[in-house]
Amino acid sequence: MAGRPLRNRLVLPAALLVVVIAWLAFWPVPIEPRVWQAPADAGHVDPYAPNDRLRAAAALPIAPYSGPEDAALGPDGALYVSSADGTILRLAGNGRPTVYADVGGRPLGLAFDNSGNLLVANALRGLQQVDTGGRVTVLVESADGQPVRYANNVAVAADGRVYFSDSSARFSPAAHGGAYAASLLDIMEHDTTGRVIVYDPVEATARTFADGLAYANGVAVSRDQRYLLVAETAHYRVWRYSLEDPAAARVPVIGNLPGFPDNLTAGLHDRIWVGLVAPRNALLDRLAPRPFLRKVVQRLPPALRPAAEPHSHVLAINPAGQVLMDLQDTAATLPALTGVLETRDALYLTSLFGERIGRLDKADLAPR
């Protein structure tokens with residue numbers, strides 16, 4: 001008689017174990033991971049040796065708004081910033097944010113065209129334009145018969161053509177819980193459905209300029225107008241495409257970065273600024289050739305999945321891939337930095353989360 005209660009006590013844990021194993025092995029998840037080989041991560045070594053050159057950055061509050069993912073300098077000299085609730089903010093003079101436009105959705109990348117219109121890569125709406133009168137228009141919702149599912153970053157060439165990334169054809173923010181959640185799914189799956197679209201404002205036409213990218217992200221036109229640089233986030237690298245010869249093969253500019261590249265922005269003196277939104281994750285790299293295990297990880301509660309470590313990091317490169325400047329803050333005072341807007345006097349630091357952007361006066365830029 002004493003053995004029966006013991007057996008009963010053992011049956012329940014065994015049954016629970018079977019349920020857990022079945023869950024981890026078979027529960028449906030939205031990703032179908034692809035096999036790939038992550039390059040060996042050298043970590044934060046030269047030219048990415050740890051430093052605190054960003055530590056002097058001041059915080060500019062934008063509360064009650066949050067998620068200042070990108071910023072652009074307007075023709076009026078004011079700073080324009082995207083935010084998570086669909087609002088475009090204007091910061092001028094005293095730095096207090098005022099509402100410039102409500103574009104809805106989730107505005108990410110910002111850039112001004114040659115006529116003073118603000119172009120918005122909206123993750124939920126496509127490519128938008130806010131004209132000088134404040135009217136919001138959707139310019140591009142599809143290209144080559146395929147809908148724009150995840151507009152992300154945008155750049156304007158001197159000839160007026162607009163280049164913007166469509167990060168994923170698999171995971172749209174509208175269907176997968178927002179821009180951040182969709183990005184995690186795409187990176188975990190590691191498909192190559194990302195593309196860059198070029199919009200011709202004269203012809204009012206859009207077409208795919210480049211495709212086959214594992215989470216297409218930042219785009220920037222070189223100062224000499226010869227190249228378009230594109231961040232491929234899931235592969236830790238930046239590509240260069242010729243604007244003079246569209247048939248030319250793309251060239252890897254810089255690869256095996258120590259973090260996930262986000263926005264690209266053309267700065268002064270031929271600098272291209274790269275935001276590294278988070279350091280690489282060793283477990284994620286080890287799972288690159290193991291698609292089944294990546295599915296298992298996706299079935300875990302979010303708190304048990306690989307998570308980004310706080311580390312503020314931006315760098316400047318030239319179109320040839322040479323690292324010109326590397327700026328970090330190991331304390332991550334301003335975490336999840338997406339990119340840099342460079343002006344004559346300062347660097348403005350944008351981020352994925354939070355209610356502030358950073359301003360680092362060039363006079364305060366600590367030496368290496």
Side-chain angles (χ1 to χ4, degrees), residues 36-55 57 69 152-153 165 167 180 183-184 186-188 190 194 213-220 229-240 251-265 267 271-289 294 297 305-340 342 347 349-353 358 360 365-368:
W36 71 291
Q37 295 294 329
D41 182 12
H44 289 89
V45 297
D46 190 64
Y48 315 114
N51 64 75
D52 290 316
R53 303 180 73 197
L54 290 177
R55 190 67 59 85
E69 208 272 354
N152 196 326
N153 201 220
S165 53
S167 292
Y180 182 62
S183 71
L184 296 180
D186 194 85
I187 290 170
M188 182 65 81
H190 210 91
L213 295 161
Y215 197 80
N217 203 332
V219 292
L229 282 79
V230 180
E232 188 178 24
T233 299
H235 267 307
Y236 319 124
R237 65 188 173 195
V238 176
W239 292 99
R240 188 180 73 215
V251 175
V253 171
I254 190 168
N256 202 16
L257 289 164
F260 293 91
D262 202 309
N263 294 345
L264 302 183
T265 311
R271 286 189 282 264
I272 301 292
W273 287 97
V274 185
L276 297 179
V277 69
R280 288 167 60 171
N281 182 280
L283 176 59
L284 195 61
D285 280 353
R286 287 197 297 271
L287 294 177
R294 300 218 302 280
V297 169
R305 298 175 196 162
E309 295 182 7
H311 187 104
S312 302
H313 196 174
V314 299
L315 57 100
I317 62 173
N318 62 20
Q322 179 185 4
V323 176
L324 305 176
M325 201 176 300
D326 183 87
L327 309 176
Q328 302 178 42
D329 177 6
T330 54
T333 308
L334 293 167
L337 293 182
T338 53
V340 176
E342 181 180 8
L347 305 178
L349 310 168
T350 54
S351 60
L352 199 58
F353 309 111
L360 180 61
L365 189 57
R368 187 183 276 274

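Sequential numbering from 1 along the given sequence is applied to the chain's residues.
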Seminar exercise, completed: Looking only at heavy atoms, the pair that brings S312 and L337 closest together is CB-CD1, 3.8 Å
Problem set entry | Test item: L315 and L324 side chains (from C-beta on) under 4.5 Å apart, heavy atoms | no
For this session: Say whether N281 and R305, considering side chains only, have a donor N or O and an acceptor N or O under 3.5 Å apart.
Result: no
Problem set entry | Residues D329 and H311: side-chain donor-acceptor under 3.5 angstrom | no
Problem set entry | Polar side chain donor-acceptor pair, S351 to T338, under 3.5 angstrom | no
Exercise. Side chain of N153, backbone of N263: donor and acceptor closer than 3.5 Å?
Worked result: no
Problem set entry | N152 to A216 - nearest heavy-atom pair and separation | ND2-O, 4.2 Å
Problem set entry | Side-chain heavy atoms of H313 within contact of D326, under 4.5 Å | yes
For this session: Ignoring hydrogens and angles, state whether a donor on the side chain of S167 or D186 is under 3.5 Å from an acceptor on the partner side chain.
Result: no
Problem set entry | Nearest non-hydrogen partners of R55 and A331, listed with the distance | NH2-CB, 3.6 Å
Problem set entry | Cation-pi, F260 ring and R280 (6.0 angstrom, 45 degrees) | no
For this session: State, to 0.1 Å, how close P279 and H44 come at their nearest heavy-atom pair, and which atoms those are.
Result: CB-CE1, 4.3 Å
For this session: Could you tell me whether the side chain of R294 and the main chain of M188 form a donor-acceptor pair under 3.5 Å?
Result: yes
For this session: Compare every heavy atom of Q328 with every heavy atom of A49, then report the nearest pair and how far apart it is.
Result: O-NE2, 3.0 Å
Problem set entry | Donor-acceptor pair, side chain of E232 and main chain of A214, under 3.5 angstrom | yes
For this session: Using the side chain to side chain contact (heavy atoms under 4.5 Å, CB included) rule, take Y236 and D285 through it: C-alpha gap first, then chi angles, then the decisive distance, then the call.
Result: CA-CA 11 Å; Y236 319 124; D285 280 353; 2.5 Å; yes
Exercise. With a 3.5 Å cut-off and no angle check, do the side chains of N256 and D41 form a donor-acceptor pair?
Worked result: no
For this session: Taking the side chain as every heavy atom from C-beta outward, state whether L54 and L334 have any atom pair closer than 4.5 Å.
Result: no
Exercise. Does any N or O in the side chain of D262 come within less than 3.5 Å of the main-chain N or O of G218, such that one atom is a donor and the other an acceptor?
Worked result: no
Exercise. Are side-chain N/O atoms of T233 and N217 paired as donor and acceptor at under 3.5 Å?
Worked result: yes
